[in-house]
Student: 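Can you keep this structure in mind? I'll have questions shortly.
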Amino acid sequence: MNNQDMHSVYANIRSKLGQRSLVLIGMMGAGKTTIGRRIAKKLNLPFRDADQEIEDAANLTVPEMFELHGEAYFREGEKKVIARLLNNGPQVLATGGGAWMNEETRKVIAARGISIWLQAEIAILMERVQRRSHRPLLKTDNPEKTMRALIDQRYPVYKLADLTVPSRDAPHDAIVQDLVDILEMHLERCPEQGTIK
Ligand code: S3P
């Protein structure tokens, strides 16, 4: 497809989205922020990162929040911030890996957007998270074992997302293109899903 055609695909997606947000979910290291930023740029939509917004609201980093107040405090803030952000669609919203595990958050997302699971194999996730060590949940004796346990617990729930995009070991643009294709098909098939009433 040439550039001109791609631009009309993006414009078509944007108009079909209306006020809905695209919400990226998935494990730490799945690429939600990186892919989210790129897809937002292509679709000419604002990009927001829930963790960043939680940090700004609390004036603390995520590790500081875990350290000073515990995970439950962080989760409460996460739920509120995501619900607030979802009043401001259309946008692309990247969420932290645990956000989708909250049922209320899943409901808010379903009412105001389209959820997209970036699904990745453990080897890819581990390679990506090992490059940065800011994630409090992985500060354990055996981060791979922890990641595996989280995968077992979370993948059955991530599967509930509207769309799944494999976050394979490929250039980011290839994954963005997969996402665009899958989203375009979805908007054709279920134009009303998540439409704000
Ligand atoms: C978490 C993932 C992190 C962050 C927090 C908890 C999780 O976000 O929200 O450390 O529970 O998986 P990323 O998925 O962006 O790393």
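Nothing fancy with the numbering, it's 1 onward along the sequence. As the structure lists them, so they are numbered: ligands from 1, and atoms in each ligand from 1.
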Student: Below 4.0 Å from any atom of ligand 1, which residues have a heavy atom? Give them in chain and number order, please.
Tutor: M28, K32, D51, V62, F74, R75, G96, G97, G98, R135, P136, L137, R154
Student: Closest approach of I124 and D169, non-hydrogen atoms and distance?
Tutor: CD1-N, 3.4 Å
Student: Donor-acceptor pair, T105 side chain versus K79 backbone, under 3.5 Å?
Tutor: no
Student: Provide the full list of salt bridge (Lys or Arg N to Asp or Glu O under 4.0 Å) pairs with a residue in residues 34-52, sequence neighbours left out, each pair given once.
Tutor: R38-D173
Student: Answer yes when E104 and K107 have at least one side-chain N-carboxylate O distance shorter than 4.0 Å, and no when they do not.
Tutor: no
Student: Before you tell me yes or no, could you show the steps for L160 and W117 under side chain to side chain contact (heavy atoms under 4.5 Å, CB included), namely the whole-Å CA-CA distance, both residues' side-chain angles and the distance that decides it to 0.1 Å?
Tutor: CA-CA 9 Å; L160 302 172; W117 173 25; over 6 Å; no
Student: Got W100 and T95 here, is their nearest side-chain heavy-atom distance under 4.5 Å?
Tutor: no
